[in-house]
Amino acid sequence: MMHCTMEDLGALRAGEASVWARRHVTTCAACQAELEVLYQRVAQLKALPALHPPRDRWPAIHAALRAVRSRRRRTWGTWTGSLALAATIAAVLLVQPPGGEQGKLHAELSQAKQQSATLEDSLQQYDIDGRVLSGHAAALVAELEDRISILDGTLAQREQSVRDAELVKLWQERVGLMRELVNARATRARYVGL
Amino acid sequence: MPQDIRRYLKLLPGNYLATRCAVAGGPAYCVPLTAHYPATFYVVVASNFSDMTVALAVPDVIVARAQAGDEAALEALYRAFETPVYNLVRRILRRPEDAEDVLQETFLEVVRNLKQYRGEGHLWGWIRRIATTKALMRIRRDQVRETESLDDEPGKPGMHVGANIDLERAFDRLSETSRAVVWLHDVEGYTHEEIAEQMGKTVSFSKSQLARAHARLRGMLDEGAQA
(Lines give C-alpha, C1' and ligand atoms only; values in the text may rest on other atoms or scores of the structure.)
Protein backbone atom coordinates (compact mmCIF):
# COMPACT_ATOMS: atom_id res chain seq x y z
CA MET A 1 0.00 0.00 0.00
CA MET A 2 1.32 3.42 -0.95
CA HIS A 3 1.76 5.91 1.89
CA CYS A 4 2.16 9.65 2.10
CA THR A 5 5.62 11.05 1.55
CA MET A 6 7.03 13.78 3.76
CA GLU A 7 6.13 16.22 0.98
CA ASP A 8 2.54 14.99 1.15
CA LEU A 9 2.48 15.38 4.92
CA GLY A 10 3.89 18.89 4.66
CA ALA A 11 1.28 19.74 2.06
CA LEU A 12 -1.44 18.30 4.31
CA ARG A 13 -0.21 20.49 7.14
CA ALA A 14 -0.32 23.52 4.85
CA GLY A 15 -3.74 22.62 3.46
CA GLU A 16 -2.29 22.21 -0.01
CA ALA A 17 -2.31 18.43 -0.35
CA SER A 18 -3.48 16.52 -3.39
CA VAL A 19 -6.91 14.91 -3.47
CA TRP A 20 -5.28 11.50 -3.18
CA ALA A 21 -3.28 12.48 -0.05
CA ARG A 22 -6.31 14.03 1.62
CA ARG A 23 -8.36 10.90 1.00
CA HIS A 24 -5.57 8.54 1.94
CA VAL A 25 -4.84 10.11 5.29
CA THR A 26 -8.44 9.66 6.37
CA THR A 27 -8.20 5.90 5.95
CA CYS A 28 -4.55 5.14 6.75
CA ALA A 29 -3.71 4.94 10.45
CA ALA A 30 0.04 4.93 9.77
CA CYS A 31 -0.09 8.19 7.81
CA GLN A 32 -2.39 9.76 10.38
CA ALA A 33 0.16 8.90 13.05
CA GLU A 34 2.97 10.25 10.90
CA LEU A 35 1.11 13.51 10.38
CA GLU A 36 0.54 13.79 14.12
CA VAL A 37 4.25 13.24 14.74
CA LEU A 38 5.00 16.03 12.28
CA TYR A 39 2.64 18.39 14.11
CA GLN A 40 4.24 17.49 17.41
CA ARG A 41 7.73 18.00 16.05
CA VAL A 42 6.88 21.47 14.78
CA ALA A 43 5.30 22.33 18.14
CA GLN A 44 8.44 21.12 19.89
CA LEU A 45 10.61 23.25 17.60
CA LYS A 46 8.53 26.30 18.47
CA ALA A 47 8.92 25.48 22.16
CA LEU A 48 12.71 25.24 22.09
CA PRO A 49 14.21 27.64 24.62
CA ALA A 50 15.45 30.99 23.37
CA LEU A 51 19.19 31.18 22.87
CA HIS A 52 20.84 34.25 24.34
CA PRO A 53 23.95 35.93 22.98
CA PRO A 54 26.91 34.80 25.07
CA ARG A 55 28.42 38.29 25.14
CA ASP A 56 27.06 41.79 25.22
CA ARG A 57 27.65 43.16 21.74
CA TRP A 58 26.30 46.63 22.41
CA PRO A 59 29.67 48.17 23.42
CA ALA A 60 31.19 47.12 20.08
CA ILE A 61 28.17 48.33 18.12
CA HIS A 62 28.14 51.60 20.05
CA ALA A 63 31.83 52.16 19.43
CA ALA A 64 31.43 51.42 15.73
CA LEU A 65 28.54 53.89 15.50
CA ARG A 66 30.57 56.57 17.24
CA ALA A 67 33.44 55.95 14.87
CA VAL A 68 31.17 56.37 11.86
CA ARG A 69 29.71 59.60 13.21
CA SER A 70 33.11 60.95 14.06
CA ARG A 71 34.36 60.15 10.57
CA ARG A 72 31.41 61.97 9.04
CA ARG A 73 32.14 65.02 11.14
CA ARG A 74 35.79 64.81 10.22
CA THR A 75 35.02 64.47 6.53
CA TRP A 76 32.83 67.56 6.71
CA GLY A 77 35.49 69.40 8.67
CA THR A 78 38.12 68.40 6.15
CA TRP A 79 36.03 69.68 3.28
CA THR A 80 35.26 73.00 4.87
CA GLY A 81 38.81 73.29 6.16
CA SER A 82 40.31 72.51 2.78
CA LEU A 83 38.13 75.01 0.97
CA ALA A 84 38.90 77.78 3.42
CA LEU A 85 42.58 76.86 3.38
CA ALA A 86 42.69 77.02 -0.40
CA ALA A 87 41.17 80.49 -0.25
CA THR A 88 43.74 81.61 2.31
CA ILE A 89 46.66 80.28 0.31
CA ALA A 90 45.36 81.95 -2.81
CA ALA A 91 45.06 85.25 -0.95
CA VAL A 92 48.57 84.94 0.49
CA LEU A 93 50.01 84.12 -2.92
CA LEU A 94 48.39 87.18 -4.41
CA VAL A 95 49.75 89.45 -1.72
CA GLN A 96 53.15 87.91 -1.21
CA PRO A 97 54.85 85.68 -3.76
CA PRO A 98 56.63 82.67 -2.23
CA GLY A 99 60.31 83.00 -1.59
CA GLY A 100 62.89 82.66 1.20
CA GLU A 101 61.46 81.68 4.61
CA GLN A 102 57.93 82.12 3.36
CA GLY A 103 58.62 79.78 0.43
CA LYS A 104 59.99 77.15 2.79
CA LEU A 105 56.87 77.32 4.95
CA HIS A 106 54.70 76.97 1.88
CA ALA A 107 56.67 73.93 0.81
CA GLU A 108 56.26 72.36 4.27
CA LEU A 109 52.58 73.15 4.28
CA SER A 110 52.16 71.61 0.87
CA GLN A 111 54.07 68.51 1.95
CA ALA A 112 51.98 68.08 5.11
CA LYS A 113 48.77 68.39 3.13
CA GLN A 114 50.01 65.90 0.59
CA GLN A 115 50.92 63.42 3.33
CA SER A 116 47.54 63.91 4.94
CA ALA A 117 45.77 63.22 1.65
CA THR A 118 47.88 60.11 1.07
CA LEU A 119 46.99 58.81 4.53
CA GLU A 120 43.30 59.51 3.87
CA ASP A 121 43.59 57.38 0.73
CA SER A 122 45.29 54.61 2.71
CA LEU A 123 42.47 54.68 5.21
CA GLN A 124 39.90 54.22 2.47
CA GLN A 125 41.62 51.03 1.40
CA TYR A 126 40.68 49.38 4.69
CA ASP A 127 37.01 49.38 3.74
CA ILE A 128 35.97 50.84 7.06
CA ASP A 129 32.25 50.53 6.45
CA GLY A 130 32.55 46.85 5.67
CA ARG A 131 34.35 46.02 8.87
CA VAL A 132 33.54 45.79 12.51
CA LEU A 133 36.14 46.42 15.16
CA SER A 134 36.31 45.09 18.66
CA GLY A 135 34.98 47.49 21.26
CA HIS A 136 38.45 48.38 22.50
CA ALA A 137 39.85 48.99 19.02
CA ALA A 138 36.81 50.97 17.97
CA ALA A 139 37.14 53.15 21.06
CA LEU A 140 40.76 53.89 20.19
CA VAL A 141 39.85 54.68 16.60
CA ALA A 142 36.95 56.84 17.71
CA GLU A 143 39.25 58.81 20.00
CA LEU A 144 41.72 59.43 17.19
CA GLU A 145 38.96 60.43 14.83
CA ASP A 146 37.58 62.81 17.43
CA ARG A 147 40.96 64.41 17.85
CA ILE A 148 41.34 64.79 14.09
CA SER A 149 37.85 66.23 13.91
CA ILE A 150 38.68 68.80 16.58
CA LEU A 151 41.88 69.67 14.77
CA ASP A 152 39.97 70.13 11.53
CA GLY A 153 37.60 72.42 13.34
CA THR A 154 40.55 74.47 14.56
CA LEU A 155 41.98 74.65 11.07
CA ALA A 156 38.64 75.74 9.67
CA GLN A 157 38.20 78.48 12.27
CA ARG A 158 41.70 79.86 12.57
CA GLU A 159 43.28 79.50 9.19
CA GLN A 160 42.30 83.05 8.23
CA SER A 161 44.19 84.59 11.10
CA VAL A 162 46.87 82.07 11.94
CA ARG A 163 50.48 82.58 10.83
CA ASP A 164 51.94 80.22 8.26
CA ALA A 165 54.30 78.62 10.76
CA GLU A 166 51.40 77.72 13.04
CA LEU A 167 49.38 76.47 10.10
CA VAL A 168 52.20 74.13 9.14
CA LYS A 169 52.37 72.90 12.72
CA LEU A 170 48.65 72.16 12.78
CA TRP A 171 48.80 70.29 9.50
CA GLN A 172 51.79 68.30 10.67
CA GLU A 173 49.90 67.41 13.83
CA ARG A 174 47.06 66.24 11.63
CA VAL A 175 49.45 64.04 9.65
CA GLY A 176 50.65 62.48 12.92
CA LEU A 177 47.13 61.69 14.05
CA MET A 178 46.20 60.33 10.63
CA ARG A 179 49.23 58.08 10.74
CA GLU A 180 48.15 56.74 14.15
CA LEU A 181 44.66 56.19 12.81
CA VAL A 182 45.88 54.27 9.79
CA ASN A 183 48.08 52.14 12.04
CA ALA A 184 45.19 51.45 14.39
CA ARG A 185 42.99 50.41 11.49
CA ALA A 186 45.69 48.28 9.93
CA THR A 187 46.74 46.45 13.09
CA ARG A 188 43.18 45.90 14.28
CA ALA A 189 42.09 44.57 10.89
CA ARG A 190 43.25 41.12 11.86
CA TYR A 191 40.74 41.03 14.66
CA VAL A 192 37.82 42.19 12.60
CA GLY A 193 34.84 39.87 12.71
CA LEU A 194 35.75 38.05 15.87
CA MET B 1 0.01 30.97 31.59
CA PRO B 2 0.48 29.07 28.31
CA GLN B 3 3.88 27.64 27.56
CA ASP B 4 4.54 29.83 24.52
CA ILE B 5 4.03 32.96 26.57
CA ARG B 6 6.34 31.70 29.28
CA ARG B 7 8.95 31.02 26.64
CA TYR B 8 8.76 34.57 25.37
CA LEU B 9 8.83 35.99 28.84
CA LYS B 10 12.19 34.31 29.18
CA LEU B 11 13.43 36.58 26.41
CA LEU B 12 13.13 39.51 28.75
CA PRO B 13 15.84 40.86 30.95
CA GLY B 14 15.02 40.48 34.62
CA ASN B 15 11.83 39.12 36.07
CA TYR B 16 9.02 41.25 34.76
CA LEU B 17 5.37 40.50 35.25
CA ALA B 18 3.10 40.72 32.26
CA THR B 19 0.19 43.08 32.58
CA ARG B 20 -2.83 43.44 30.38
CA CYS B 21 -2.81 46.67 28.42
CA ALA B 22 -4.30 48.19 25.32
CA VAL B 23 -2.37 48.17 22.08
CA ALA B 24 -3.40 48.58 18.47
CA GLY B 25 -5.44 45.56 17.51
CA GLY B 26 -6.90 44.88 20.92
CA PRO B 27 -5.84 43.97 24.44
CA ALA B 28 -2.45 42.48 24.92
CA TYR B 29 -0.17 41.20 27.60
CA CYS B 30 2.74 43.58 27.86
CA VAL B 31 5.87 43.76 29.89
CA PRO B 32 8.03 46.80 30.57
CA LEU B 33 11.20 46.06 28.75
CA THR B 34 14.06 48.13 30.06
CA ALA B 35 14.95 50.26 33.00
CA HIS B 36 15.53 53.15 30.61
CA TYR B 37 11.90 53.40 29.64
CA PRO B 38 9.95 51.69 32.42
CA ALA B 39 6.62 53.29 31.67
CA THR B 40 6.55 53.34 27.89
CA PHE B 41 8.64 50.53 26.54
CA TYR B 42 6.83 47.22 26.43
CA VAL B 43 6.98 43.87 24.82
CA VAL B 44 3.66 42.45 23.75
CA VAL B 45 3.69 38.91 24.97
CA ALA B 46 0.35 37.78 23.67
CA SER B 47 -2.49 39.66 22.09
CA ASN B 48 -4.71 36.66 21.72
CA PHE B 49 -4.45 33.42 23.62
CA SER B 50 -6.24 31.48 20.93
CA ASP B 51 -3.75 32.16 18.16
CA MET B 52 -0.82 32.93 20.44
CA THR B 53 0.24 36.02 18.59
CA VAL B 54 3.61 37.03 19.88
CA ALA B 55 5.33 40.22 18.94
CA LEU B 56 7.77 42.73 20.26
CA ALA B 57 6.23 46.15 20.57
CA VAL B 58 8.28 49.30 20.60
CA PRO B 59 6.58 52.64 21.14
CA ASP B 60 6.83 55.04 18.25
CA VAL B 61 8.55 57.59 20.42
CA ILE B 62 11.47 55.24 20.99
CA VAL B 63 11.79 54.55 17.28
CA ALA B 64 11.62 58.26 16.55
CA ARG B 65 14.34 58.99 19.10
CA ALA B 66 16.48 56.23 17.67
CA GLN B 67 15.95 57.57 14.16
CA ALA B 68 17.16 60.94 15.41
CA GLY B 69 20.32 59.28 16.67
CA ASP B 70 19.50 59.22 20.40
CA GLU B 71 22.00 56.70 21.75
CA ALA B 72 19.87 55.68 24.71
CA ALA B 73 17.00 54.86 22.36
CA LEU B 74 19.33 52.95 20.04
CA GLU B 75 20.55 50.90 22.96
CA ALA B 76 16.96 50.31 24.04
CA LEU B 77 16.19 48.97 20.58
CA TYR B 78 19.22 46.73 20.77
CA ARG B 79 18.21 45.44 24.21
CA ALA B 80 14.72 44.76 22.92
CA PHE B 81 15.79 42.73 19.94
CA GLU B 82 19.19 41.25 20.74
CA THR B 83 17.84 37.92 21.98
CA PRO B 84 15.18 37.42 19.28
CA VAL B 85 17.76 38.25 16.61
CA TYR B 86 20.45 36.08 18.12
CA ASN B 87 18.03 33.20 18.65
CA LEU B 88 16.90 33.42 15.01
CA VAL B 89 20.36 33.53 13.47
CA ARG B 90 21.82 31.01 15.92
CA ARG B 91 19.11 28.52 14.98
CA ILE B 92 20.05 29.01 11.33
CA LEU B 93 23.83 29.13 11.65
CA ARG B 94 25.80 26.25 13.02
CA ARG B 95 28.58 28.22 14.71
CA PRO B 96 27.84 30.51 17.66
CA GLU B 97 30.54 32.97 16.64
CA ASP B 98 28.91 33.37 13.24
CA ALA B 99 25.61 34.09 14.95
CA GLU B 100 27.27 36.72 17.14
CA ASP B 101 28.80 38.38 14.09
CA VAL B 102 25.46 38.42 12.31
CA LEU B 103 23.82 39.88 15.41
CA GLN B 104 26.30 42.73 15.34
CA GLU B 105 26.09 43.23 11.58
CA THR B 106 22.31 43.24 11.79
CA PHE B 107 22.19 46.03 14.35
CA LEU B 108 24.76 48.10 12.54
CA GLU B 109 22.57 47.88 9.46
CA VAL B 110 19.44 48.56 11.49
CA VAL B 111 21.00 51.76 12.82
CA ARG B 112 22.30 52.77 9.38
CA ASN B 113 18.91 52.31 7.76
CA LEU B 114 16.56 53.13 10.60
CA LYS B 115 15.53 56.38 8.95
CA GLN B 116 14.17 54.37 6.05
CA TYR B 117 11.81 52.51 8.37
CA ARG B 118 8.48 54.30 7.93
CA GLY B 119 6.50 52.38 10.49
CA GLU B 120 4.84 50.27 7.82
CA GLY B 121 4.64 46.81 9.23
CA HIS B 122 6.07 45.68 12.52
CA LEU B 123 9.55 46.81 13.48
CA TRP B 124 10.43 43.26 14.47
CA GLY B 125 9.44 42.07 11.01
CA TRP B 126 11.77 44.64 9.46
CA ILE B 127 14.66 43.76 11.75
CA ARG B 128 14.02 40.04 11.34
CA ARG B 129 14.24 40.38 7.59
CA ILE B 130 17.63 42.09 7.86
CA ALA B 131 18.87 39.42 10.25
CA THR B 132 17.59 36.60 8.04
CA THR B 133 19.17 38.11 4.95
CA LYS B 134 22.51 38.44 6.69
CA ALA B 135 22.39 34.89 8.03
CA LEU B 136 21.53 33.52 4.59
CA MET B 137 24.29 35.61 3.03
CA ARG B 138 26.73 34.06 5.44
CA ILE B 139 25.56 30.58 4.49
CA ARG B 140 26.07 31.39 0.82
CA ARG B 141 29.48 32.89 1.52
CA ASP B 142 30.59 29.86 3.47
CA GLN B 143 29.08 27.20 1.25
CA VAL B 144 32.21 25.19 1.78
CA ARG B 145 31.03 24.57 5.34
CA GLU B 146 27.70 23.41 4.08
CA THR B 147 27.84 19.71 4.84
CA GLU B 148 25.29 17.41 6.25
CA SER B 149 27.56 14.81 7.75
CA LEU B 150 26.22 13.31 10.92
CA ASP B 151 29.61 12.43 12.31
CA ASP B 152 31.47 15.70 12.11
CA GLU B 153 29.78 17.77 14.76
CA PRO B 154 32.29 20.45 15.72
CA GLY B 155 33.90 19.84 19.06
CA LYS B 156 32.44 16.40 19.54
CA PRO B 157 34.58 14.02 17.52
CA GLY B 158 33.43 10.48 17.29
CA MET B 159 30.15 11.02 19.13
CA HIS B 160 27.55 8.51 18.08
CA VAL B 161 24.43 9.97 16.63
CA GLY B 162 21.83 7.64 17.98
CA ALA B 163 22.23 7.70 21.72
CA ASN B 164 19.81 9.93 23.62
CA ILE B 165 19.42 12.34 20.78
CA ASP B 166 16.73 14.95 21.26
CA LEU B 167 15.09 17.29 18.84
CA GLU B 168 17.44 20.18 19.50
CA ARG B 169 20.54 18.10 18.88
CA ALA B 170 18.99 16.50 15.82
CA PHE B 171 18.15 19.96 14.50
CA ASP B 172 21.71 21.09 15.12
CA ARG B 173 22.92 18.30 12.86
CA LEU B 174 21.00 19.50 9.84
CA SER B 175 22.78 21.51 7.20
CA GLU B 176 22.54 25.29 7.60
CA THR B 177 20.31 25.53 4.54
CA SER B 178 17.93 22.96 5.98
CA ARG B 179 18.00 24.64 9.37
CA ALA B 180 17.17 27.95 7.75
CA VAL B 181 14.21 26.55 5.83
CA VAL B 182 12.81 24.62 8.80
CA TRP B 183 13.20 27.47 11.25
CA LEU B 184 11.89 30.18 8.96
CA HIS B 185 8.91 28.10 7.84
CA ASP B 186 7.92 26.18 10.93
CA VAL B 187 8.84 28.60 13.70
CA GLU B 188 8.97 32.08 12.20
CA GLY B 189 5.99 31.47 9.97
CA TYR B 190 7.56 32.41 6.63
CA THR B 191 5.83 31.11 3.53
CA HIS B 192 7.73 29.06 0.98
CA GLU B 193 7.46 32.00 -1.38
CA GLU B 194 9.12 34.31 1.14
CA ILE B 195 11.85 31.79 1.89
CA ALA B 196 12.50 31.25 -1.81
CA GLU B 197 12.78 34.99 -2.37
CA GLN B 198 15.18 35.51 0.50
CA MET B 199 17.32 32.53 -0.45
CA GLY B 200 17.31 33.29 -4.13
CA LYS B 201 15.89 29.85 -4.83
CA THR B 202 12.62 28.42 -6.10
CA VAL B 203 9.51 27.61 -4.10
CA SER B 204 10.03 23.95 -5.02
CA PHE B 205 13.51 24.12 -3.51
CA SER B 206 12.10 25.44 -0.24
CA LYS B 207 9.40 22.78 -0.12
CA SER B 208 11.75 19.93 -0.91
CA GLN B 209 14.33 21.18 1.61
CA LEU B 210 11.65 21.28 4.28
CA ALA B 211 10.47 17.77 3.49
CA ARG B 212 14.02 16.42 3.40
CA ALA B 213 14.86 18.09 6.67
CA HIS B 214 11.82 16.64 8.41
CA ALA B 215 12.61 13.23 7.01
CA ARG B 216 16.12 13.51 8.45
CA LEU B 217 14.84 14.72 11.79
CA ARG B 218 12.39 11.82 11.87
CA GLY B 219 15.17 9.37 11.07
CA MET B 220 17.55 10.74 13.67
CA LEU B 221 14.91 10.81 16.38
CA ASP B 222 13.81 7.26 15.55
CA GLU B 223 17.39 6.10 15.65
CA GLY B 224 17.86 7.83 18.98
CA ALA B 225 14.74 6.26 20.42
CA GLN B 226 15.85 2.79 19.38
CA ALA B 227 19.38 3.16 20.73
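Owing to the predicted nature of the structure, the values given are computational and were not obtained by experimental measurement. Residue numbers begin at 1 in each chain, while the letters A, B, ... track the order of the sequences. Heavy-atom basis, side chains included; hydrogens, waters and symmetry copies ignored.
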Using heavy-atom distances under 4.5 Å, tell me whether [X] contacts chain A through its side chain, its backbone, both, or neither.
| X | value |
| --- | --- |
| B/V182 | side chain |
| B/H192 | neither |
| B/L74 | both |

State whether [X] and [Y] are salt-bridged, where the test is any N-O pair (Lys NZ or Arg NE/NH1/NH2 against Asp/Glu carboxylate O) under 4.0 Å.
| X | Y | answer |
| --- | --- | --- |
| A/R174 | A/D152 | yes |
| B/E105 | B/R138 | yes |
| B/E197 | B/R129 | yes |
| B/R94 | B/D98 | no |

Open item on the list: As an exercise: rank B/H214, B/E100, B/R90, B/E82 by heavy-atom pairs under 4.5 Å with chain A and give me the winner.
Closed with: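 Of the options given, most contacts go to B/E100.
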Open item on the list: Suppose we screen for salt bridge (Lys or Arg N to Asp or Glu O under 4.0 Å). Which residues come up paired with A/E108, at least two apart in sequence or across chains?
Closed with: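 Per chain and number, A/E108 pairs via salt bridge (Lys or Arg N to Asp or Glu O under 4.0 Å) with no residue.
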TODO: With chain B as the partner chain, list the residues of residues 15-27 of chain A whose heavy atoms fall under 4.5 Å from it, by residue number, and write 'none' if nothing qualifies.
DONE: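 Listed by number: A/E16.
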Task: Residues of residues 32-42 of chain A with any heavy atom under 4.5 Å of a heavy atom in chain B - done: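 From residues 32-42 of chain A, the residues near chain B are A/E34, A/V37, A/L38, A/R41, A/V42.
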Kindly say whether [Y] contributes a backbone atom to a donor-acceptor pair with the side chain of [X] at under 3.5 angstrom?
| X | Y | value |
| --- | --- | --- |
| B/D70 | B/A66 | no |
| B/Q67 | B/L114 | yes |
| B/T106 | B/V102 | yes |
| B/S178 | B/L174 | no |

Task: Nearest-0.5 Å distance, CZ of residue B/F205 to CE of residue B/M199 - done: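 That separation rounds to 5.5 Å.
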TODO: Please identify each residue that fulfils side-chain hydrogen bond (donor to acceptor under 3.5 Å, both in side chains) with A/R13, with sequence neighbours left out.
DONE: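 B/D186.
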